[in-house]
Number of protein chains: 2
Amino acid sequence: MTAESRADHRPSATPPLTERQEARRRRILDASAQLAARGGFDAVQMREVAEAAGVALGTLYRYFPSKVHLLVATMQDQLQHMHTTLRKRPPGGAAPAERVAETLMRAFRALQREPQLADAMVRALTFADRSVSPEVDTVSRLTTAIILDAMGAAQPTPEQLSAVRVIEHTWHSALITWLSGRASIAQVKIDIETVCRLIDLTAPERTAARQ
Amino acid sequence: MTAESRADHRPSATPPLTERQEARRRRILDASAQLAARGGFDAVQMREVAEAAGVALGTLYRYFPSKVHLLVATMQDQLQHMHTTLRKRPPGGAAPAERVAETLMRAFRALQREPQLADAMVRALTFADRSVSPEVDTVSRLTTAIILDAMGAAQPTPEQLSAVRVIEHTWHSALITWLSGRASIAQVKIDIETVCRLIDLTAPERTAARQ
DNA sequence: ATCAAGTCTGTAACTTGTTCTACATTAGCG
DNA sequence: CGCTAATGTAGAACAAGTTACAGACTTGAT
């Protein structure tokens with residue numbers, strides 16, 4: 001059970017990395033997160049990341065072909081953490097809508113602890129162009145997984161998936177308005193709770209509850 | 001009734017512009033839109049905008065303190081157009097939710113005609129940092145106005161305003177997923193229709209009939 | 001152990017957003 | 001008109017993302 005078996009998360013046809021390469025990748029991601037946590041998107045300067053990670057600039061670009069790729073990968077990394085953390089203490093609400101809202105608010109509070117890091121990651125995510133689509137998609141799938149987990153919908157209907165998509169849209173966009181100082185934390189909370197009402201609307205309605 | 005009285009749209013304490021200045025501003029915005037329409041965000045290069053507008057680089061920066069400011073202003077400009085255009089033929093649906101969805105889809109089709117321009121504007125909008133907040137807020141208010149128009153809610157309740165906020169979030173984020181090729185046009189349509197269901201949910205339901 | 005292919009390193013160059021500077025033009029005002 | 005402050009111009013300079021390249025180091029197969 002060496003480092004090798006752990007490394008096979010990524011779906012794409014990445015040639016497996018040697019141990020030293022895995023270590024380099026990790027140092028880079030850590031350096032990225034650390035610089036981001038200090039000063040947000042702008043503070044993640046490729047030369048500085050390279051230096052902090054003890055790697056040449058060219059190498060950094062071999063691992064992550066652009067700053068946006070790097071930050072999206074950083075987000076993937078952080079989301080993994082969050083997903084495992086969230087799984088440990090599942091939300092307590094009775095209705096799916098409540099549980100999703102609770103989960104997202106928990107994630108939101110985690111982001112509030114490192115607002116600059118959140119800034120860097122979210123800005124990169126929404127600024128990403130087509131060349132980063134696969135990576136952004138991975139982040140999106142992770143987010144979807146977290147929300148579906150909270151809903152407790154193992155076999156979501158297409159309608160429910162639509163609701164989840166809309167929730168994700170709202171989540172990202174609300175984060176942006178918060179990060180750029182155009183919405184308060186309270187406002188974000190309201191938006192999340194509002195959009196989560198869509199879940200009730202799309203629940204498999206044979207179960208009496210809401211009609 | 002010279003050009004002067006027309007110029008007083010902007011709320012901030014902008015000293016009134018002379019006629020030549022108004023003309024410069026217009027040339028800059030037009031050049032920006034034209035370059036954006038060609039090649040999207042990346043094709044809007046400040047030197048090229050300046051040259052196309054027949055203005056020195058320093059002047060461009062006096063009018064718009066950054067590329068993002070410029071593109072957000074371009075978006076304001078385009079939204080004005082759209083708002084007037086949309087007002088001319090109001091949506092035909094019976095229920096507010098239908099009308100809003102119809103209006104947004106109409107706007108979406110307009111954006112599809114110039115996808116590169118849409119790309120430049122939307123990317124700028126979501127990439128904008130705090131220094132652009134006032135301008136982004138103006139765009140947001142314009143969008144809100146368009147949606148409220150379509151709803152026909154002259155006196156929206158706080159709940160309805162929350163729904164509108166969420167609709168806006170979804171609108172922006174769905175546009176981004178479309179622009180970066182991660183969602184199809186059909187998918188965007190579904191997302192818009194899904195989120196518009198929130199309107200029914202928040203309608204002032206004491207007035208039995210849909211009023 | 002050795003060789004070829006692939007990786008890394010250090011560094012310079014290039015691109016484009018942004019800032020700065022020195023000088024010319026314009027606008028408002030007495 | 002003639003002055004002065006604000007505005008505009010041309011172009012250099014700077015910053016950070018990105019690319020290019022020559023030489024050293026690793027790796028894997030023989």
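A, B, ... follow the sequence lines: proteins, then strands. Residue 1 opens every chain.
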| request: Among dT18(C), dG10(C), dT18(D), find the nucleotide with the atom closest to the side chain of Ala56(A). | output: dG10(C)
| message | What is the distance, to the nearest angstrom, from the CG atom on Leu71(B) to the P atom on dT16(C)? | response | 16 Å
| Separation of atom CZ in Arg62(A) from atom C1' in dT7(C), rounded to whole Å | 5 Å
| remark: To the nearest angstrom, the CD-P distance between Gln45(A) and dC14(D) comes to 17 Å
| field | 5'-most by nearest nucleotide on DNA chain C - Thr18(B) or Phe41(B) | value | Phe41(B)
| Is the shortest side-chain N/O distance from Thr59(A) to OP1 or OP2 of dT9(C) below 4.0 Å? | yes
| query | Which sits closer to the 5' end of DNA chain D, Tyr61(A) or Leu57(B), going by the nucleotide each is nearest to? | reply | Leu57(B)
| query | Can you check the Arg20(B) CZ to dG28(C) C1' distance for me, whole Å? | reply | 15 Å
| message | Check this for me, if you would: do Arg197(B) and Glu193(B) make a salt bridge, where the nitrogen-to-carboxylate-oxygen distance has to be below 4.0 angstrom? | response | no
| How many Å lie between CD on Glu19(A) and P on dT26(D), as a whole number? | 15 Å
| query | Which part of the nucleic acid, if any, lies within reach of Val68(A) when heavy atoms closer than 4.0 Å are counted: base, sugar-phosphate only, or nothing? | reply | nothing
| query | Counting only heavy atoms not in Gln34(A), do more than 12 sit closer than 6.0 Å to its CD atom? | reply | no
| said: Classify Val49(A) by what it touches in the nucleic acid, base, sugar-phosphate, or nothing, heavy-atom distance under 4.0 Å. | reply: nothing
| query | Where the side chain of Ser173(A) meets the backbone of His169(A), is there a donor-acceptor pair that is under 3.5 Å apart? | reply | no
| message | So, does Gln21(A) get its side chain near the phosphate of dC8(C), meaning an N or O under 4.0 Å from OP1 or OP2? | response | yes
| request: Between Tyr63(B) and Ser66(A), just flag the one whose closest nucleotide in DNA chain D comes earlier from the 5' side. | output: Tyr63(B)
| Whole Å only: how far is the CD1 atom of Ile28(B) from the C1' atom of dG8(D)? | 11 Å
| query | Have Arg182(A) and Ser180(A) got a donor and an acceptor in their side chains that come within less than 3.5 Å? | reply | yes
| Nearest nucleotide by nearest heavy atom, which residue falls closer to the 5' end of DNA chain C, Leu60(A) or Lys67(B)? | Leu60(A)
| query | For the ring pair Phe41(B) and Phe127(B), is the centre-to-centre distance below 6.0 Å? | reply | no
| said: Side chain of Arg47(A) only, heavy atoms from C-beta on: which candidate in dT18(C), dC8(C), dA13(C) is closest? | reply: dA13(C)
